[in-house]
Amino acid sequence: MKRKKKAKNWLLLIGMIATLGAWMIHLSQDRLLDQRVRSLILTIQQGVQRYHVAEEAYPPKSMSGIDLIKLLQERGELSDALANPWASGARFSESPTPNGIAYETDIFAESFAIIATDPETGDVLYRLDSSENPSLE
Amino acid sequence: MFDRRAAFRLPSRIKKTFLQLYRLAILAGIVLFVRQHADRVRADGDWPISVNEVQAFLPEATTLRATGDQRNSLEILDNQRNAIGFAMRSMPYSKEIVGYSGPSDVLMITDKDERMLGIAIRSSYDTPSHVEDVEIDRRFMKRWNERTLTEVAAITDLSDAGIYSVAGATRTSEAVAWSITERAQVGGSAGAATAGPKWQWDWRDTAMISFLLLGCLFAFQKGKRLQKWRPLFSIATILIFGLLLTDLVAQSLLIGWVESRVPWYSALGTILFVFAVFAIPWFTSQPVYCQFICPHGNLQRWLMKVIPAKRKPRLGEGTKWALSFLPPLLLMVVLLTSFWQLELDLASIEPFDAYALRAAGIGTILVAIVGLAASTIIPMAYCKYGCPTGWLLDFVRKRSGKDRFSLADGLGLALLGLAFLLSRLPLSAFAI
């Protein structure tokens, strides 16, 4: 009986440690995803800048992130190995969804905005554009 | 007969003093490691400067150490741990300085006299070809060398200072130049020319100190004439200290102060209060804050009278033992959150923010309700088995009677060990 009680108490302690540990791991996964999304949006922005140098205008119409990435990859302005952080790091060419990237521009293609949203909730995570949000810092 | 153990046994008074100093050292050590890490993150920001980058200018560099000063720079050390210079990045201070199409992050290296040794463009949101044009223009890149940070900070006209923009990348090079001057101004004497901050003290500070003094009075004066007012004081702490002032001592407050700067000028009353909350039990063994002032503790004292004692279930000793680990485990959560910069509002692991009512998040409200509900069945349930701040205050409290190295002291050492290990990891380990 005493041994059963002791085991129960140890189980309670291990249960608390396991619960808190799982919670911490979940939070750190969120942070890692957050960092990868930041890195992605910066990489795409560099591709958009290279397009701008070549064409003297930004990509001419607003489009989804995957369409923008395809366009830039076809032109060699983005690497084919670009990873999708929402698809456990698989390449965009292999796993385009889910993804939360969107591209916006004006009618003259003189400005750009790259927006990263949470694919599940639609909440805006990051916005990088040529006017009010020129950096992610 | 010669008793060997007795011969080596320390007198009780010396043992007690040693253990008190040990506990203070544990707390100080944890604070130091958390602060060092926060200084590193602040200096390095989102793109930590690496030794490799610095070695391009100072080949003998082996370590970078956050200075924690107002410049927010990194001190460059050689393998003898001698300071040989400073490294800093222009971001995030220069994030509004846009060149052709975006700002740039510039690495600035100085010698130990803050004389510029060189710059490098680490990354840029600007047009890549323009950035390249700037990087290959050696005249522009080397124009900064030999100037002190103070001289750089004082530049108001680039051409007067002999800094000429790069042909074909004028706006990008000018943005890089202004980013450097902007960064040089951070923490420099130019910034100190303006009037310093003013000390602030208002009715809230007076009220907090009044509660502290009254709490001490109730703790140290046990006369019946005074103690009959204790129930009224207890209600006052809930209504006034809790619901009106809402300045409860909590992990979110303490970690915020440790990570950034203690707001001496704007929150002097709170600072004195928090200092006394830790100092009084350390010197006197009286847990004044926990036992007399904390509104959540006082609310639990009222709620535990709701159900008669004989109708309450009893917790087994083993269960109490297991649950007693929850507060130090929550302190580990606090440390991991601070080091890893996790998306966790530390206010949500304690109930104290719930007293702010309108501003309270769902997490803190849940913790408050569950803790209070539990206290109707298990006396002072949250205080004993859920409060990390209370555990910390009890950890430093002087023990009355005999004192010895206990499980709590071991757990404190484990927390210090965790803080030490986390502080030794490179920033990349934290995905920063």
Side-chain angles (χ1 to χ4, degrees), chain A residues 1-21 23-39 41-43 45-54 56 58 77 110-112 114 125-126 128-137, chain B residues 45-47 89-105 123-132 175 179 315-337 339-345 349 385-386 428-432:
Chain A
M1 186 64 170
K2 223 179 175 183
R3 213 181 277 178
K4 236 181 168 175
K5 274 192 177 170
K6 239 188 169 178
K8 191 185 84 176
N9 299 327
W10 275 105
L11 269 172
L12 176 61
L13 178 58
I14 291 165
M16 285 190 316
I17 294 170
T19 306
L20 290 173
W23 187 29
M24 291 287 99
I25 290 170
H26 171 72
L27 287 172
S28 63
Q29 301 282 28
D30 281 351
R31 172 119 177 91
L32 210 53
L33 175 65
D34 186 71
Q35 290 300 106
R36 285 177 181 159
V37 169
R38 281 173 64 97
S39 184
I41 202 172
L42 289 170
T43 307
Q45 186 251 2
Q46 287 179 344
V48 166
Q49 297 288 30
R50 282 189 277 271
Y51 180 103
H52 184 258
V53 168
E56 295 187 8
Y58 293 109
E77 274 138 9
E110 287 176 353
S111 66
F112 77 90
I114 302 165
L125 301 172
Y126 294 106
L128 197 57
D129 59 42
S130 49
S131 53
E132 284 170 18
N133 305 284
S135 80
L136 294 179
E137 303 250 358
Chain B
D46 294 331
W47 300 76
R89 55 188 289 259
S90 62
M91 284 289 213
Y93 306 95
S94 60
K95 66 180 180 176
E96 304 288 324
I97 302 173
V98 174
Y100 184 74
S101 57
S104 298
D105 184 18
S123 66
S124 183
Y125 295 84
D126 213 329
T127 312
S129 56
H130 294 167
V131 174
E132 264 177 56
S179 299
L315 277 183
E317 287 307 313
T319 309
K320 285 183 192 174
W321 170 85
L323 287 175
S324 69
F325 280 89
L326 185 56
L329 286 173
L330 287 174
L331 284 171
M332 286 191 184
V333 167
V334 170
L335 283 179
L336 289 169
T337 302
F339 277 90
W340 249 301
Q341 309 237 302
L342 299 177
E343 289 291 319
L344 171 65
D345 180 2
I349 66 166
Y385 307 119
S428 54
F430 300 102
I432 291 170

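In the text below, chain A, chain B and the rest are named by the order of the sequence lines, each starting its count at 1.
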**OP:** Could you tell me which portion of A:Leu27 (side chain, backbone, both or neither) has an atom closer than 4.5 angstrom to a non-hydrogen atom of chain B?
**Re:** both
Original post:
Which atoms form the tightest heavy-atom contact between B:Gln341 and A:Arg31, and what is the distance?
Top reply: O-CD, 3.2 Å
**OP:** Could you look at B:Leu336 and say if it's the side chain, the backbone, both or neither that has a heavy atom under 4.5 Å from chain A?
**Re:** side chain
Original post:
Would you say B:Glu343's side chain and A:Asp30's backbone share a donor-acceptor pair under 3.5 angstrom?
Top reply: no
Original post:
Going by heavy atoms in the side chains, are A:Ile17 and B:Phe325 under 4.5 Å from each other?
Top reply: no
Subject >> Under 4.5 Å from any heavy atom of chain B - which part of A:Leu42 >> reply: side chain
Subject >> Straight-line distance of B:Trp340 CH2 to A:Leu32 CG, nearest 0.5 Å >> reply: 10.5 Å
Original post:
With sequence neighbours left out, what residues match B:Asp345 under salt bridge (charged side-chain N to carboxylate O under 4.0 Å, His left out)?
Top reply: none
Subject >> chain B contact via A:Tyr51 - side chain, backbone, both or neither, heavy atoms under 4.5 Å >> reply: neither
Original post:
What are the two closest heavy atoms between A:Val53 and B:Ser129, and how far apart are they?
Top reply: CG2-OG, 3.5 Å
**OP:** Identify which part of B:Ile349 has an atom lying under 4.5 Å from any heavy atom of chain A, answering side chain, backbone, both or neither.
**Re:** side chain
**OP:** Check whether A:Leu11 gets within reach of chain B through its side chain, its backbone, both or neither, counting any heavy atom under 4.5 Å.
**Re:** neither
Original post:
Stepwise, does the side-chain contact (heavy atoms from CB on, under 4.5 Å) test hold for A:Met16 with B:Leu323?
Top reply: CA-CA 9 Å; A:Met16 285 190 316; B:Leu323 287 175; 4.2 Å; yes
Subject >> Test side-chain contact (heavy atoms from CB on, under 4.5 Å) applied to B:Leu344 and A:Met24, step by step >> reply: CA-CA 9 Å; B:Leu344 171 65; A:Met24 291 287 99; 4.2 Å; yes
**OP:** Could you have a look at B:Gly102, B:Pro103, B:Ser324 and say which one has the most heavy-atom pairs with chain A under 4.5 angstrom?
**Re:** B:Pro103
Subject >> Heavy-atom pair of closest approach, residues A:Ser135 and B:Lys95 >> reply: OG-CB, 3.4 Å
Subject >> Gap between atom CG of A:Leu12 and atom OG1 of B:Thr319 - 0.5 Å precision >> reply: 6.5 Å
Subject >> Which portion of B:Val98 sits near chain A, non-hydrogen atoms under 4.5 angstrom >> reply: side chain
Original post:
Is the count of non-hydrogen atoms from other residues, nucleotides or ligands lying under 6.0 Å from A:Arg36 atom CZ greater than 12?
Top reply: no
Original post:
At a heavy-atom separation under 4.5 Å, does A:Gln45 approach chain B through its side chain, its backbone, both, or neither?
Top reply: side chain
